[in-house]
Amino acid sequence: MFTISVQRPPSSLLRRTEQRLTENRKRLVEAILANVLTEVIEFNPVDSARSRAAWVNSLEQLGVPAPPSWQGDNPTAIAEGRRLGELLRTDSLDITERTAENSVDYVRYLEYGNSRQAPHSMVQRALHHRRQHLARHLTLLWD
């Protein structure tokens with residue numbers, strides 16, 4: 001048994017299309033995340049603004065300014081919150097992933113509530129709202 005094969009290198013058009021799709025996929029993911037983060041910040045209750053500051057840090061790492069009036073009146077808490085927020089980026093030929101992390105110790109109680117506090121569901125509400133607008137964002141892949 002023997003096999004004969006001829007492999008054609010990818011055409012320049014295919015490479016350009018792949019590059020364009022990869023760039024547009026990055027723009028799409030970052031635009032969606034920026035919109036979600038903006039809403040999360042707006043839904044986040046303000047006391048010290050520590051938790052908001054962590055989300056703001058991720059938003060600003062995307063190059064998007066924070067919504068107006070996001071800050072509380074505790075500069076120390078805001079500085080601590082900024083240190084506890086992080087934007088993680090993963091890029092490859094097949095995937096573009098952005099993860100906004102908020103490591104403020106009580107953020108899960110804000111999101112899900114506890115026996116003495118109702119949940120604020122900042123992330124869940126923002127994701128639900130953005131899901132309704134996803135089709136509009138998908139056009140970015142082909143622009």
Side-chain angles (χ1 to χ4, degrees), residues 3 5-143:
T3 303
S5 68
V6 176
Q7 184 175 357
R8 189 184 87 208
S11 71
S12 62
L13 176 61
L14 182 59
R15 281 193 301 274
R16 284 193 313 269
T17 301
E18 184 177 80
Q19 181 181 9
R20 187 171 148 215
L21 281 172
T22 300
E23 291 167 3
N24 288 346
R25 185 179 67 209
K26 177 183 171 186
R27 285 188 345 181
L28 170 69
V29 168
E30 291 189 355
I32 291 170
L33 181 58
N35 286 324
V36 169
L37 280 170
T38 299
E39 289 190 20
V40 167
I41 292 163
E42 290 170 354
F43 294 152
N44 204 104
V46 178
D47 183 12
S48 66
R50 182 178 289 111
S51 176
R52 272 189 175 191
W55 296 124
V56 164
N57 189 38
S58 292
L59 184 64
E60 290 175 345
Q61 287 181 46
L62 289 170
V64 177
S69 304
W70 70 268
Q71 296 177 323
D73 57 3
N74 187 335
T76 303
I78 291 170
E80 180 184 337
R82 283 185 176 276
R83 285 191 304 274
L84 294 170
E86 184 176 9
L87 179 69
L88 305 173
R89 291 180 162 100
T90 302
D91 291 299
S92 72
L93 187 59
D94 300 320
I95 189 168
T96 298
E97 184 176 274
R98 301 293 180 266
T99 303
E101 287 190 357
N102 184 331
S103 297
V104 170
D105 59 353
Y106 58 82
V107 72
R108 66 183 166 276
Y109 301 117
L110 292 175
E111 181 69 22
Y112 300 109
N114 61 35
S115 62
R116 290 175 276 187
Q117 177 183 319
H120 290 279
S121 306
M122 307 95 53
V123 175
Q124 294 174 64
R125 288 190 295 158
L127 287 171
H128 177 74
H129 184 248
R130 282 292 117 197
R131 189 178 308 133
Q132 296 172 6
H133 300 284
L134 186 58
R136 181 173 45 96
H137 285 294
L138 290 176
T139 61
L140 288 172
L141 279 176
W142 308 109
D143 286 347

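In what follows, every heavy atom counts, from backbone to side chain, and hydrogens, waters and symmetry copies are set aside.
- Scanning both residues, Asn102 and Ser51, for their nearest heavy atoms gives ND2-O, 3.0 Å.
- One N or O on the side chain of Ser58 and one on the backbone of Glu86 form a donor-acceptor pair closer than 3.5 Å.
- When every heavy atom of Arg116 is checked against every heavy atom of Asn114, the shortest pair comes out as N-OD1, 2.7 Å.
- Note that CD of Glu30 is 8.5 Å distant from OG1 of Thr96, once rounded to the nearest 0.5 Å.
- Heavy atoms only, all atoms of each residue included: Pro119 and Glu111 are closest at CB-O, 3.3 Å.
- Only one option out of Val107, Leu88, Leu87 pairs with Glu101 in a side-chain contact (heavy atoms from CB on, under 4.5 Å); it is Leu88.
- With a 6.0 Å radius and a threshold of 12 heavy atoms from other residues, nucleotides or ligands, Tyr112 has its OH atom at or below the threshold.
- To the nearest 0.5 Å, atom CH2 of residue Trp70 and atom OG1 of residue Thr38 are 12.5 Å apart.
- Using modelled atom types, one side-chain atom of Asn57 and one backbone atom of Arg82 make a donor-acceptor pair closer than 3.5 Å.
- When all heavy atoms are compared, the tightest approach of Ile78 to Ser48 is CG1-O, 3.8 Å.
- The closest side-chain donor-acceptor pair between Glu39 and His129 falls under 3.5 angstrom.
- Here the CH2-CG distance, from Trp55 to Leu37, works out to 7.0 Å after rounding to the nearest 0.5 Å.
- Side chain of Asn44 to backbone of Met122: no donor-acceptor contact under 3.5 angstrom is found.
- To the nearest 0.5 Å, the span separating CZ on Arg25 from CD on Glu18 amounts to 9.0 Å.
- The shortest heavy-atom contact between Leu33 and Ala100 is CD1-CB, 4.3 Å.
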- [ ] Verify side chain to side chain contact (heavy atoms under 4.5 Å, CB included) between Asp105 and Arg50, making sure each step is shown before the conclusion.
- [x] CA-CA 10 Å; Asp105 59 353; Arg50 182 178 289 111; 5.6 Å; no
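- To the nearest 0.5 Å, atom CG of residue Leu21 and atom NZ of residue Lys26 are 15.0 Å apart.
- Remark: Ser121 OG to Leu127 CG distance equals 11.0 Å, nearest 0.5 Å.
- In this structure, Leu110 and Arg108 have side chains that are not in contact, with every pair of non-hydrogen atoms separated by 4.5 Å or more.
- With contacts defined as side-chain heavy-atom distances shorter than 4.5 Å, the pair His128/Arg125 does not qualify.
- Pairing each heavy atom of Pro67 with each of Leu59, the nearest pair is CD-CD2, 4.0 Å.
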